[in-house]
Amino acid sequence: MTLPDISELTLEEKASLTSGASFWYTKPIERVGIPALMVTDGPHGLRKQREGGDHLGLGDSVPATCFPPAVGLGSSWDVELVRRVGEALGAETSIENVAVLLGPGINIKRSPLCGRNFEYLSEDPIVSGVLGAAIVQGVQSNGVGTSLKHFAANNQEEDRMRSSSDIDPRPLREIYLRGFQRVVEDAQPWTVMCSYNRINGVYASEDPWLLTRVLRDEWGFEGLVVSDWGAVNERVPALAAGMDLEMPSSGGVTDAQIVAAVEDGSLDEAVVDVAAGRVLDLVRKATEGAGAVPGPLDVDAHHALAREAAGRSIVLLRNDAVDGAPLLPLAKDAALAVIGEFAASPRYQGAGSSLINPTRLDSALEGIRELATGEVVYAQGFRTARDVAEAETAALRDEAVAAASAAAVAVVFLGLPARLESEGYDRSDIDLPAAQLALLDAVLAANPRTVVVLSNGGVVALPFADRVPAIVEGWLLGQAGGSATADVLFGDVNPSGKLTETIPVRLEDSPAHLDFPGEFSHVRYGEGLFVGYRWYDARRLDVAFPFGHGLSYTTFAYGEATASVTGEGDIAVTVLVTNTGERAGREVVQVYASLPGGRVQRPVRELKAFASVALEAGEAREVVLTVRRADLAYWDIRLDGWVVEGGEYVVDVAASSRDIRSSTSVAVEGDAVSLPLTRNSSLGETLQHPVVGPVVQAALTRMMGEVEGAAITPEGVDMSVMMASFPIGRLGMMAALGGADDGEGRVDAAMIDDLIAMANAEATPQP
Ligand code: BGC
């Protein structure tokens with residue numbers, strides 16, 4: 001299809017392209033043959049509404065495969081699997097003639113309370129960025145687009161449409177933007193969705209720094225920026241900032257504002273051309289890609305993939321020996337008591353705009369019954385409804401205890417009721433409902449051979465973690481989560497998921513606790529860089545289960561790791577990993593780096609690379625992981641740029657952030673940093689300057705004499721240390737340096753200016 005050139009459109013037509021026609025459609029221009037495009041949520045399935053539109057998942061939508069939400073899928077840490085799920089999502093999008101799937105969401109899980117954590121991948125930007133890029137590549141391989149969201153620093157639901165995320169430059173760059181940068185640079189999503197919130201006081205939707213300077217000029221984004229639904233505050237400044245497409249429809253009101261602004265000279269028409277041109281580009285890509293996957297949807301194949309992905313999303317938190325052997329996997333012929341409402345009525349996705357109408361739904365109870373050969377008794381145990389009478393709760397508990405007493409093993413499904421976590425609001429605590437905890441205590445007393453299976457989108461406190469021999473974190477696993485849970489419980493699938501977020505002991509320990517959710521529409525990110533494990537490690541806090549943790553039914557041994565700098569300046573890390581157990585399994589190998597004694601504040605260690613490695617029983621494999629040089633960089637606030645500091649980096653190869661298996665180190669050459677010398681540079685900095693440093697040192701020696709200790713006062717104070725912090729522009733005032741009040745040998749302004757000119761004559765690298 002040939003689309004018109006932008007020059008063929010009238011101003012009104014161009015303006016009209018920059019906002020939606022309805023809830024899910026862009027505007028067509030029939031006169032010149034521009035079709036409308038449909039976009040839909042996202043992220044873990046296709047929510048194509050049959051009629052009308054709403055952004056909270058209220059209206060009915062066509063059935064689609066509900067894959068595990070990000071909280072689950074991310075726990076696989078498996079780029080290849082995540083890409084395959086992306087491809088399947090792209091196929092369903094294509095089959096339904098939708099141009100753009102509104103996802104993935106890769107915001108950092110700053111607080112466990114965020115109501116939307118189930119839709120996000122991790123507390124770590126490398127996990128979020130690497131897996132986010134895999135989703136985008138997978139989806140877009142099928143001729144449809146993605147919308148990387150929510151850009152940026154949208155880390156809570158409370159007051160989300162106004163709240164300002166007040167963040168210092170380093171955490172903003174190193175934690176909150178790093179993942180977005182990775183996805184944009186590696187995968188070029190067709191669109192990026194700007195978030196509702198403000199960042200340091202400026203609405204994301206009208207922030208030229210965010211949408212143009214960072215996103216396009218620095219990262220090279222080539223696609224279109226779309227607003228989150230209703231995120232536009234003032235349309236004209238938003239357009240000028242780089243916010244191309246407003247969604248949903250404004251009923252033409254904002255199009256008219258744009259036309260008026262051009263006509264009164266306050267907006268350059270070229271700005272409208274750029275935005276409309278990007279909409280045209282999107283239409284071009286979508287029409288070229290249309291029909292890439294003919295359909296019909298292979299419901300069975302996608303359900304099978306959803307089951308595989310769910311099995312890989314499950315994290316085995318604990319599996320202690322009871323009577324001499326680990327409690328899991330269960331023997332298929334064991335008499336089981338399956339307890340808990342979630343076993344029969346699964347919680348498999350979160351509420352809000354991502355709500356999928358699944359093609360099927362497997363419950364764990366059915367899955368267990370399918371695989372078991374022994375007796376399976378079900379007891380509901382509790383009800384998740386709001387007001388349950390005490391007598392009913394007690395009766396359900398008694399029934400569950402009786403079932404547990406009679407069984408070889410009790411499998412108790414606990415979790416968060418759907419109403420507790422949703423888009424649009426946050427949780428106020430991380431506790432499981434009291435009735436569930438009481439039930440678990442009663443079951444444990446009746447039968448210590450108890451397994452807990454959890455269903456939750458955000459982390460929950462696990463006060464029973466030391467008392468229950470086996471704990472399975474089932475997150476929200478999508479439509480096939482029930483059967484996948486059975487696969488893992490019986491060992492048909494060997495668990496291999498690992499935590500992409502820390503499970504704290506108490507909410508009070510969590511990094512953002514004192515700064516969440518802020519007040520009067522401002523939330524200060526007071527923990528700075530120390531998000532997630534970076535915080536717990538720096539504070540040496542105990543955690544319930546650390547970032548990166550997850551067990552298997554087999555065991556893995558790590559050899560001695562080696563690290564070397566490659567020709568591209570990256571670090572290649574090599575380690576031999578051996579499956580030392582008796583069944584095939586997968587290990588998620590993690591690489592953390594740190595620079596002890598570095599010049600800027602740094603976390604104890606930070607994840608830099610990972611790989612999911614499949615190993616047969618007894619198999620050994622040399623795994624090579626690449627730490628990108630760019631990922632070693634910190635954001636230098638003096639330069640407003642990335643800097644790789646030179647030095648000896650410690651490289652930890654680990655099975656979790658707190659299970660380091662092998663450490664090595666590697667020398668990395670730093671970036672040349674060139675800062676001009678100014679009157680505000682300190683004497684200490686000046687002395688380190690490669691050109692003028694020796695000159696100043698010689699002058700000082702002349703003045704103070706060669707005598708050792710000349711700068712030490714009778715009280716033992718070393719004046720040279722004190723002097724080191726003096727700005728050189730103010731040295732003239734210091735008689736002590738001149739040595740005399742008569743002006744003899746005094747440092748004057750002209751000397752300082754000469755020195756500065758000499759230093760800045762050519763840009764010289766500094767340490
Ligand atoms: C959500 C987005 C979603 C959009 C459209 C918004 O409320 O924040 O994630 O894509 O609605 O439903």
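Quantities reported herein were computed from a predicted structural model and do not represent experimental measurements. In what follows, residues are counted from 1 in the order of the sequence shown. Numbering of ligands and ligand atoms starts at 1, following listing order.
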Can you confirm, on distance only, whether ligand 1 has an N/O atom lying under 3.5 Å from any N/O atom belonging to Trp229?
no
Below 3.5 Å, N or O to N or O, backbone or side chain included: is there any such pair between Lys149 and ligand 1?
yes
Enumerated ligand 1 atoms positioned under 4.0 Å from heavy atoms of [X]:
| X | answer |
| --- | --- |
| Glu423 | 1 (C), 6 (C), 7 (O), 8 (O) |
| Tyr196 | 6 (C), 7 (O), 8 (O) |
| His150 | 2 (C), 8 (O), 9 (O) |
| Arg47 | 12 (O) |
| Met193 | 10 (O) |

In terms of its nearest heavy atom to atom 10 (O) of ligand 1, the top option of Asn154, Leu101, Asp41, Asp228 is Asp41
Would you call Trp24 a ligand 1 contact, heavy-atom distance under 4.0 Å?
yes
Within less than 4.0 angstrom of ligand 1, does Met247 place any heavy atom?
no
Close side-chain approach of Val225 and Arg216, heavy atoms under 4.5 Å
yes
Any side-chain heavy-atom pair from Val274 and Arg278 closer than 4.5 angstrom?
yes
Using a strict cut-off of less than 4.0 Å between a Lys/Arg side-chain nitrogen and an Asp/Glu carboxylate oxygen, indicate whether Arg307 and Asp362 qualify as a salt bridge.
no
Please determine if Glu527 and Arg534 form a salt bridge, counting it only when a charged side-chain N lies under 4.0 Å from a carboxylate O.
no
Residues Ser164, Asp166; criterion side-chain hydrogen bond (donor to acceptor under 3.5 Å, both in side chains); working and verdict
CA-CA 6 Å; Ser164 173; Asp166 295 339; 2.5 Å; yes
Tell me, please, whether Tyr525 has Arg110 positioned over its six-membered ring: NZ or CZ under 6.0 Å from the ring centre and within 45 degrees of its axis?
yes
So, Thr502 versus Glu123: side-chain donor-acceptor pair below 3.5 Å or not?
yes
Would you tell me whether Glu501 and Ser122 have side-chain atoms, one donor and one acceptor, within less than 3.5 Å of each other?
no
So which bit of [X] gets within less than 4.0 Å of ligand 1, heavy atoms only: side chain, backbone, both or neither?
| X | value |
| --- | --- |
| Arg160 | side chain |
| Arg116 | side chain |
| Met161 | neither |

Can you tell me how the ring of Trp24 sits relative to the ring of Trp229, calling it parallel under 30°, perpendicular over 60° and tilted otherwise?
tilted
